[in-house]
Amino acid sequence: MKIFSASALFQTSILLYLLAAIAALVFIKQQKWDNIISNIICIIAAIFGIAASLMKILVEDMPINISIFHSTIPFISVELRIDHLSAFFVLSLSLLVVCVSLYSIGYISHYIGKRKVGLFNFLYSAFILSMFLVMTSGNAVFFLLTWEAMSLLSYFLVVFESEHEENQAAGTLYIIMTHVGTAFLMVGFMMMYSYTQSFDMFGSSADIPILAKNAMFIMFLIGFGTKAGVIPFHIWLPCAHPAAPSNVSALMSGIMIKTAIYGMLRFIFTYLGVQSTWWGALIIVLGIFSSTLGVSYAFVMANIKKLLAYSSIENIGIIFIGLGIGFIAQAQGHLTVSALAIIASLFHSFNHTLFKGSLFLGAGSIQYATHTKNMEELGGLIKKMPLTALFVLGGALSAASIVPFNGFIGEWLTYQSLFANIVPGQAALNILSILSVAVLAMTGAMAAASFVKLFGISFLGLPRSEQALQAKEVPCVMNIGTGILVTLCLFIGLFPLPILKVVDKVVLNLMGTSLIGQLQGGLLIAYYPLQISGNVISPLLFFVVLVAVILFALLVIRIIGGKYSERKYGTWDCGFEALNSRMQYSAAGFSNPIEIVFKILFRPSRKLKVEGKLAYHPESIEYTTVWESIFEKHLYNPIFYVIKMLSRRTKFIIQTGSIHSYLLYIFVVVLVLMMYNTFV
Amino acid sequence: MRNIVYIVVQILVIMLVSPLVNGIIRKVKAFSQKRKGAPLLQMYFDLFKLFKKNSVVSDVSSWAFKVTPYIFFSTALAAALLVPVSTIVTPQEIPGDIIMLVSVLALGRFFMMIAALDTASTFGGMGSSREAMISSLIEPSILVSLFTVGLICQSTSMQQMMEAMKGTGIPLFHPVYIMVFLALFTIILAETSRIPVDDPATHLELTMVHEAMLLEYSGRHLALMELGAAIKQLVFITVLVNLIFPHDQLIAITGISAVVLSLFLYLMKVIFISIAIAFAEVFTVKFRFFSIPNLAALSFILSFLGFLQYFVLGGSNV
């Protein structure tokens, strides 16, 4: 084996993650060193992961097979198989892990002496390793095992701060939902085995009849959709992501939900192959619902991490829209359009990893400094935490898909694939595509509004509580982690082509069609346009124009207006007494108009409690809004109710508690099995 | 060379004409109220004076408040560079399209909204919150109507779309363009804070949206914000007139006189639409805030019907 091959680098990376997990347990008594050592090993492992995946995508074309353990018991063999798609997801994972682990060195330090840091770091490293193995596993059984490990480890991390009851509830909901999803996957895998006698997902699915393929598609869609958090399977996501410590939230939102996208591409797109147009249409419909509803819920949240969690649902929706177009175009044989759409969704998934990672880390920094996630208790942090503010602003602009950040490029590619998908005549698809355009537009504007709210209410204005007033900038190492991610967001926004070329190679390997001829880029310095089917954009040039206009404006104003002088004075208060922080707009007030317009989604019920004798000068006013959780109430509660009722009924009929009847059951079963073996 | 000429012409025309549009609208409104009104060029005088004044800055605010006027102004001007005023003076290709146009304007709006929250003023929050709602509701119809025209013209670039529209004869004879025209006109009213969505002349806290966000600005900062808003308004008007009323196919001559003629025709179209906007302001009343969704829905339905007519119901065969 060559020392400098991608295969060796991948194996080193895996071993280092194992080492990090072991180190976390070995140094469990010295919490401070435990934290530093295991995180640094994770960073080194991730750097190896970046090198390995880049090498795999750019240099080596053949898939890598690594057989770690091959047992004589059927199906239980640990084998890895890494092709371009796996490597691409490993690349996203590793990039994120470098930054999150750097951040964790500072962030976890406030657990020292209070919590089991060693245990946390063990779970953290093992969780990263499990995601790594999900992306690289070589057969369906091993995939399922690592998938389950990933779910369980993330469950333990979600309930890590278990003294809060809502965290426990969130954990329980998460573990139930994720197992429901896994159950659907298992059915899919069993069908796979029963038709092909093999769990090899890189093999051929030609033996599977079309009807079974449709059924398997539905199974995989529900299974992976639950992990992705796509509406209506999303209910665990907005509870679990905020409950976890922020560095874990960054990993969960940034990359764990992307394993579902990986699974969909691996098992549906390449293994089953796209069989009919309605598959893509169904995925687009799910995407449309996820992005609009996700962003609407995000906008009204006052909890920063809940807002970010719902925004993840929105972004998964955008990725689903891209995937759906890819599926439809593939079914219709428009391979270039399909390639464009898959590139768009992979690229957006990569970007989302970066900006959502940075935003969750930023939210963690706020929580670290103020011990609260509630925007209503924040305000004025821009002066206390200038670097964190800058990074959150960058992440927010990227998440709102605004030029010149990377979020915009992903969305632009999705728009272009929708554009290419509309041809006069095909009624249903055209309507679906133009509705997707409308949805993307509304989602973009509402995402911008949500992040204006997040940034404006938390960082600007006057502090709304004592904690916000006392806040201090977080340790430098945390800001480095967040800063790298945000810098990458801006850099990829300005120079999208290097990453797009990587994505293009992945798609070329995946479906044999490349867009590299159409992805034209000029010189790096002078002019850097991105061209798809004749439509050109150049974020870099826009950035240059922006800077030039600002300089020009400064110069002209200096000539006309002379020297700048300003006077500091209080904000306009209509001539009444001095303003205080409670007169500012609150988070709830900010999103109230949208809440009223879309009241069908929220069904808010408001309660106003006024105390005091004087009607116009009350002593205290308490205002609470409660949103009805529609999906829980109208979709999940009936299902749970039916399941509960059925199990209670069967309990009294079958499970009577008398040992005689149980013996009878065993006897009947044995009899039936014997008869089955004799006659069939 | 072509690029430099384009940039110079574009910036000069847009910067010089945009305050005039406001002047025309105010003049027409004044006449309708039997007043003489301020001079047509009043906004130029105002801007000139504001540039020379000192600024008062809220002591609560941070750097976000001070950089916003520059970012808002420069995004408006950058957006103006994406929408050519004439097809005669254009570069080889403009590296930006309608999707980028929307995103560029969103950058300016993002900063305007956070600056409004920066001063801890209730008015600012109010304006910002209302703007959030209006922009979210109007955005789908902007992209659907521009996409419809773009799909017919086979390009998302404004320049290519304008070139293609020159060959369509009189667009308003085709139902698609009637729908798109009406949708875009409604969008202009909403995006440029006109009655019935917002009232540019009011400073009453119950009604203001755009003005509420600018309330804390003074001096050169205010001048930049006002000019930026005027440029943004002209950008939207330019999109409308140059797509639905293409004019460069009428010009038979070449050379410098063709450029002058083309710019003159452009100016006439802008004046025409400005008067139409003024009439829309005169003949409607400001909607209750929660009636704005109806207007946005109307605009969206119009653009969507336009799309349906052409791409589903076979309008492309006519």
Atom group of Ser401(A) that falls short of 4.5 Å from chain B, counting heavy atoms: backbone
Atom group of Leu82(B) that falls short of 4.5 Å from chain A, counting heavy atoms: neither
Under 4.5 Å from a heavy atom of chain A, the part of Ile292(B) involved: neither
Segment of Leu393(A) engaging chain B (4.5 angstrom heavy-atom cut-off): side chain
Interface moiety of Leu77(B) toward chain A, non-hydrogen atoms closer than 4.5 Å: side chain
Side chain, backbone, both or neither of Tyr70(B) within contact of chain A (heavy atoms, under 4.5 Å): both
Residue part contacting chain B, namely of Phe455(A), when any heavy atom lies under 4.5 Å: side chain
Part of Phe451(A) within contact of chain B (heavy atom distance under 4.5 Å): both
Chain B contacts, top residue of Ala448(A), Ser586(A), Ser591(A), Gly380(A) (heavy-atom pairs, under 4.5 Å): Ala448(A)
Region of Phe307(B) in contact with chain A, defined by heavy-atom distances below 4.5 Å: side chain
Heavy-atom contact with chain B under 4.5 Å, split by part of Phe299(A): side chain
Lys53(B) atom NZ, over 12 foreign heavy atoms within 6.0 Å: no
Side chain / backbone / both / neither for Phe408(A) at chain B, heavy atoms under 4.5 Å: side chain
Heavy-atom pairs under 4.5 Å with chain B, option from Ile557(A), Leu462(A), Val549(A) with the top count: Ile557(A)
Side-chain donor-acceptor pair present, Thr122(B), Gln584(A), cut-off under 3.5 Å: no
Proximal component of Phe123(B), with respect to chain A [non-hydrogen, under 4.5 Å]: side chain
